[in-house]
There are 2 protein chains.
Amino acid sequence: MHQTLVDQDGRGTAKEMTLLDRVRGLILGGDFPPGAPLSEVFLAQEFEVSRTPIRETLKQLQHEGLVEIRPKVGTFVREPSRREIVEMFQLKESFEGLAAGLLARRGKVREIAILERNIEESDEAAADQDAARYAELVHEFHQTIIRGADNHKLMEHYERLMNQLAYHRLVLRTAERPGRISASTAEHRTVLEMIKAKDHFGAEAAMRNHVYASSREVLTGSRADGD
Amino acid sequence: MHQTLVDQDGRGTAKEMTLLDRVRGLILGGDFPPGAPLSEVFLAQEFEVSRTPIRETLKQLQHEGLVEIRPKVGTFVREPSRREIVEMFQLKESFEGLAAGLLARRGKVREIAILERNIEESDEAAADQDAARYAELVHEFHQTIIRGADNHKLMEHYERLMNQLAYHRLVLRTAERPGRISASTAEHRTVLEMIKAKDHFGAEAAMRNHVYASSREVLTGSRADGD
DNA sequence: GTAAGCTGTGATGCATGCATCAGACGTTGG
DNA sequence: CCAACGTCTGATGCATGCATCACAGCTTAC
């Protein structure tokens, strides 16, 4: 029984998605809001598998912090408290700062080129008032730095963290304001300059400053550029 | 050799240990060295449960990075490569630096008192050439700082990281050299001074410097104080 | 003698059934 | 009317059995 496991966002890329990815997608996609119960039998029917692999999946998601399993009661989508969100942003700052520092130390030409191009396109997107494209580029900028750090363990922890933040980010996306989206580009530029100068100390500081600034504004709702 | 089924902290509290803890203890305790296969049926018999909960446990451990599940083949204790160990130490440096900085910012009197006492006892242990006690105190010092940071998400990520490093640390423990164990106490003292001065920037830098120094020596085998 | 193919064995992957238990709801006593 | 209790329902927790597959070792062709 080779059920074609198509992804749900209609990209048509039809890559084989593991059950874990699919259930997680259900949560992050908003189909199950925080607090919603995740019944094993329901999910089993939904994905046409038995309860056993569903149970394994839910336990994994518990480990990721996305769901809460109350023994003998059920599994529920976890709603991070505001405090936890603050904590996670502190971690994000630390992770991305570390990554920027490592990348600066390595001075990888290819990544630098990508980042330069990214900033150019960000300027264009900002000029075009294309908020969606801008958000995409911001995401790409951070991803490039994380990946460029060349530290796989860091990537793992970072991904775990961002998964937990993801639902929150989706909510924030809706609050984008095209008029202010270029605010963070200047900070991106500073980070890139530090990296190009191989100033790992400065790069880390600039990146942390940037993440801190955008997270502050996210938390207070004043910038909310989805970054 | 090791108490297998009871809790390991010798508290005698015999708290109900979850299967996850018990299997993990088997790995970290060295009963299953890296590369060893973890047969589901064997573990099921060992713990007198069926294969189903064992499977769930193994999937969790995979997520923790302690084991590697090769589909349709089996589960094996993962042996971190040297590169991964370096990566993990970089993360450790970042985590503990963040924690020290947060603790300095908070300036919690209780934690500071604990740390001061810890350093005193460390000096005594060093004077007594009591390597085991010293290692214990070092561990406690770091734990106090991590917990004092008051960031639960940070603790989670830190624990995950240290679990992956744990096997390696056990190996290092055997290489302790009583003559040099006091080397890190000076660094601990510096960290504490920064925290007392509420210099979060300095505290972070001092902590990172300390972690970097000890990890360097661990990796090159020149200090190897288990820190 | 070597390499390709085949079969056996043992493991995992999953479906299913039963035991157990938390929480809901109706009932009853005050 | 309210609170305490008993029953009931639906879920989870786990044991078990069957299908499937990777790998080893043997067989066979060349």
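Computed from a prediction, not measured in an experiment: that's the story for all the values here. Letters go in sequence order (proteins before strands), and every chain restarts at 1.
The distance between the ring centers of His157(A) and Phe95(B) falls below 6.0 angstrom.
To the nearest angstrom, P of dA11(C) lies 14 Å from CD1 of Ile54(B). Taking atom NZ of residue Lys72(B) and atom P of nucleotide dG13(C), one finds them 7 Å apart after rounding to whole Å. Atom C1' of nucleotide dC14(C) and atom CD of Glu56(A) are separated by 9 Å, given to the nearest angstrom. Following rounding to the nearest Å, Gln45(B) (CD) and dA11(C) (P) show an atom-to-atom distance of 10 Å. Straight-line distance from the CZ atom of Phe42(A) to the P atom of dG10(D): 17 Å, rounded to whole Å. Residue Leu43(A) contributes atom CG, which lies 14 Å from atom P of dA15(C) at whole-angstrom precision. Between Arg55(B) atom CZ and dA11(C) atom C1' there is a gap of 11 Å when expressed in whole angstrom units. Rounding to whole angstrom units, CG of residue Leu38(A) and C1' of dA11(D) are separated by 14 Å.
Residue Glu40(B) is the one, among Glu40(B) and Ser50(A), whose nearest nucleotide of DNA chain C lies closer to the 5' end (criterion: closest heavy atom). For Pro53(A) and Pro71(A), each mapped to the nucleotide of DNA chain C holding its nearest heavy atom, the one lying further toward the 5' end belongs to Pro53(A). Mapping Thr52(A) and Val73(A) onto DNA chain D by nearest heavy atom places Val73(A) at the nucleotide closer to the 5' end.
Here the straight-line distance linking atom CG of Leu66(A) with atom CG of Leu26(A) works out to 12.0 Å at 0.5 Å rounding.
Using a cut-off of 4.0 Å between Lys/Arg side-chain N and Asp/Glu carboxylate O, Asp150(A) and Arg83(B) are scored as salt-bridged.
Taking the ring axis of Phe76(B) as reference, the NZ or CZ atom of Arg70(B) stays within 45° of it and closer than 6.0 Å to the ring centre.
Taking the six-membered ring where the residue is Trp, His142(B) and His210(B) present tilted rings, their angle falling between 30° and 60°.
No engagement by Arg70(A) is indicated, since no non-hydrogen atom pair under 4.0 Å with the nucleic acid exists. The residue Thr75(B) sits apart from the nucleic acid: no heavy atom pair falls under 4.0 Å.
Among the nucleotides dT12(D), dT12(C), dA15(D), the one closest to the side chain of Arg51(B) is dT12(C).
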